Amino acid sequence: MQVPFYKPSISEEDISRVVSCLRSGWLTTGIRTQEFESQFAQLIGVKHAVALNSCTAALHLALESISLKRGDLVIVPTMTFAATAEVVRYFDAIPVFVDCDPKTLCMDMRSLKDALFAISQRKPWPGVPNHQGQLKAIIPMHYAGQMADMVTIRALALQYECVVIEDAAHTLPAYTRTSAQSDWEMVGQRSDIACFSFYANKCITTGEGGMLVTNHDEWAKRARMMSLHGLSKDAWKRFTQEGSWYYEIVAPGYKYNLTDIAASLGSAQLMRVESLWMQRKTLAKRYQSALERLSRFVECPQEQAHRQHSWHLFAVQLKLDALKISRDQVINKLKEKGVTTSVHYMPLHLHPYYLAHYPVPMGTFKHSEQAWTRLLTLPLYPSMTSLEQEYVVESLTEVLSQ
Ligand SMILES: *Cc1c(COP(=O)(O)O)cnc(C)c1O
């Protein structure tokens, strides 16, 4: 049997919506994108949603909107994807890495507090021994679909006077609350700006795509304008009949708009966001119970109290001391059996670019470094069958027990 790492869920309705866009005569940003944006804003419960061609573009424009400047500091987790930190470098600004919580692999609050304190005192922090810049933002990332501690992050951002931008690429939907008595809060509600991804394997997809959401009028306006060459008109009005030909370039912007083809897929997927989530939840629960027998060898991800996990990824940690083989050997042996797995992530501070520019001694961000050697992401996608999932568990059992 072959089990891929991911299969997108594309329904007949998804296909017919895209086809109807193709037949409509309007392919690029237009009415379908606008509809997708308003549906998305409503789902998250925020004022503005700006559809873009990737989450990376959304993160870039989020930092552009808050006027990030050369030499400014932005706190990012080291346990994340390339995009979270590279957007800081687009401005020649400085990424300040913090470690992850060993349980959730989201940003660790102790490490964040230490970093904030060090920066505010102009003291050295790993990777940034000398820094004169101003702290402008914290970018938490909700690892695998479980939200970081947004309540604490928000409070710290207020204390240290910086903006919070969520890298919400893994979370649609996900919730957090402060106590059993309080209401659930949707991802994107406690930050200044949140950025979502519609890349092929994310919770919903448009092939490639992203969304920036915010309640801040000026930032939304700026992001929208910069997403289309910095043109002075409400970007998409230019494409409609009532829009005139006249525009002014007010800043050197980018080409980050989403097409109506992609947005029509996005809207169709958004209608199924709950059922896709239910399917992932069911699969995650099944993994958890099936892997209990393997608890000597693997540690499963757990939903923490006051969190609702989106289950974008199911990343286990191998107990290497109990195993005769390495993580990479496990990956290769699973591959031989037809099961494709992945690793999320090699910490950013260990990559050659960051090692060269922001060198950090080994052992500094120890939770991330330890997790990285043990991490293994198992296949999980809404259309995964019980047979496929059983085959993954069976294959993993064979590989680990030998
Ligand atoms: C996928 C991903 C991104 C980037 O999303 P794109 O839409 O591909 O630009 C950013 N951050 C994280 C954590 C991701 O997993």
Side-chain angles (χ1 to χ4, degrees), residues 5-6 8 33 36-37 40 49-64 74-90 95 97-98 100-101 104-107 137-148 150 153 164-174 187-188 191 193-213 223 226-227 254-259 262-263 265-266 269-270 280 301 309-315 341-349 351 354 368 371-372 375 377 380-381:
F5 180 66
Y6 194 79
T33 303
F36 183 36
E37 286 173 341
F40 201 89
V50 181
L52 300 164
N53 59 13
S54 74
C55 177
T56 308
L59 290 164
H60 180 189
L61 293 185
L63 293 175
E64 208 281 334
V74 178
I75 296 184
V76 295
T78 184
M79 181 53 82
T80 186
F81 181 60
T84 322
E86 79 192 14
V87 293
V88 176
R89 295 298 303 132
Y90 290 179
F97 290 121
V98 296
C100 67
D101 176 286
T104 62
L105 306 188
C106 292
M107 202 177 247
I138 305 171
I139 312 185
M141 193 278 278
H142 307 310
Y143 181 89
Q146 176 152 251
M147 286 177 69
M150 290 303 294
I153 292 169
V164 180
I165 298 168
E166 283 170 272
D167 180 340
H170 294 185
T171 37
L172 196 66
V187 60
S191 58
I193 303 178
C195 302
F196 294 84
S197 175
F198 312 131
Y199 178 70
N201 77 342
K202 298 287 161 71
C203 297
I204 68 163
T205 186
T206 60
E208 298 278 1
M211 193 74 82
L212 179 155
V213 308
M226 292 307 277
S227 76
Y254 305 93
K255 185 66 170 72
Y256 281 166
N257 57 306
L258 190 74
T259 65
L265 179 54
Q269 291 254 310
L270 207 54
R280 293 195 305 271
H309 203 305
S310 76
W311 296 112
H312 161 53
L313 299 173
F314 196 86
T341 55
S342 189
V343 174
H344 298 84
Y345 296 94
M346 172 161 143
L348 292 181
H349 73 277
H351 283 272
Y354 292 104
S368 305
W372 136 247
L375 277 166
T377 311
L380 190 159
Y381 44 89

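Side chains included, hydrogens not; waters and symmetry mates left out as well; all remaining heavy atoms used. One is the number of the first residue; the rest follow in order along the sequence. Here the structure is a predicted model, which means the values were calculated and not measured. Atoms within a ligand are numbered from 1 in the order they appear, just like the ligands themselves.
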Residues forming a side-chain contact (heavy atoms from CB on, under 4.5 Å) with P8, sequence neighbours excluded
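In terms of side-chain contact (heavy atoms from CB on, under 4.5 Å), with neighbours along the sequence ignored, P8 is linked to Y6, I10.
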
For A315, give me all partners under side-chain contact (heavy atoms from CB on, under 4.5 Å), at least two apart in sequence or on another chain.
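A315 satisfies side-chain contact (heavy atoms from CB on, under 4.5 Å) with Y143, L375, T377 only.
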
[X] side chain to [Y] backbone, donor-acceptor under 3.5 Å:
X: H351; Y: M346; result: yes
X: T78; Y: L348; result: yes
X: S197; Y: Y199; result: yes
X: T205; Y: K202; result: no
X: R280; Y: L380; result: no

Ligand 1 atoms in contact with [X] (distance to a heavy atom under 4.0 Å):
X: A83; result: 10 (C)
X: G209; result: 7 (O)
X: M141; result: 13 (C)

What protein heavy atom sits nearest [atom], and how far off is it?
atom: atom 11 (N) of ligand 1; answer: D167 OD2, 2.8 Å
atom: atom 15 (O) of ligand 1; answer: H170 NE2, 2.7 Å
atom: atom 9 (O) of ligand 1; answer: T56 OG1, 2.5 Å
atom: atom 14 (C) of ligand 1; answer: K202 NZ, 3.2 Å

Is the shortest N/O to N/O distance between [X] and ligand 1 below 3.5 Å?
X: C55; answer: yes
X: Y199; answer: no
X: T80; answer: no
X: E208; answer: no

Would you please test N201 and F5 for side-chain contact (heavy atoms from CB on, under 4.5 Å) and show each step?
CA-CA 9 Å; N201 77 342; F5 180 66; 4.2 Å; yes

Can you tell which of A85, A169, S197, P77 gets a heavy atom nearest to atom 7 (O) of ligand 1?
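It is S197 that holds the nearest heavy atom.
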
Are T80 and D167 close enough that some pair of their side-chain heavy atoms sits under 4.5 Å apart?
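A side-chain contact under 4.5 Å exists here.
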
May I ask whether A57 has any heavy atom positioned less than 4.0 angstrom from an atom of ligand 1?
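So A57 does not count as touching ligand 1.
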
Say whether Y345 and ligand 1 are in contact under the criterion: heavy-atom distance to a ligand atom below 4.0 Å.
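So Y345 counts as touching ligand 1.
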
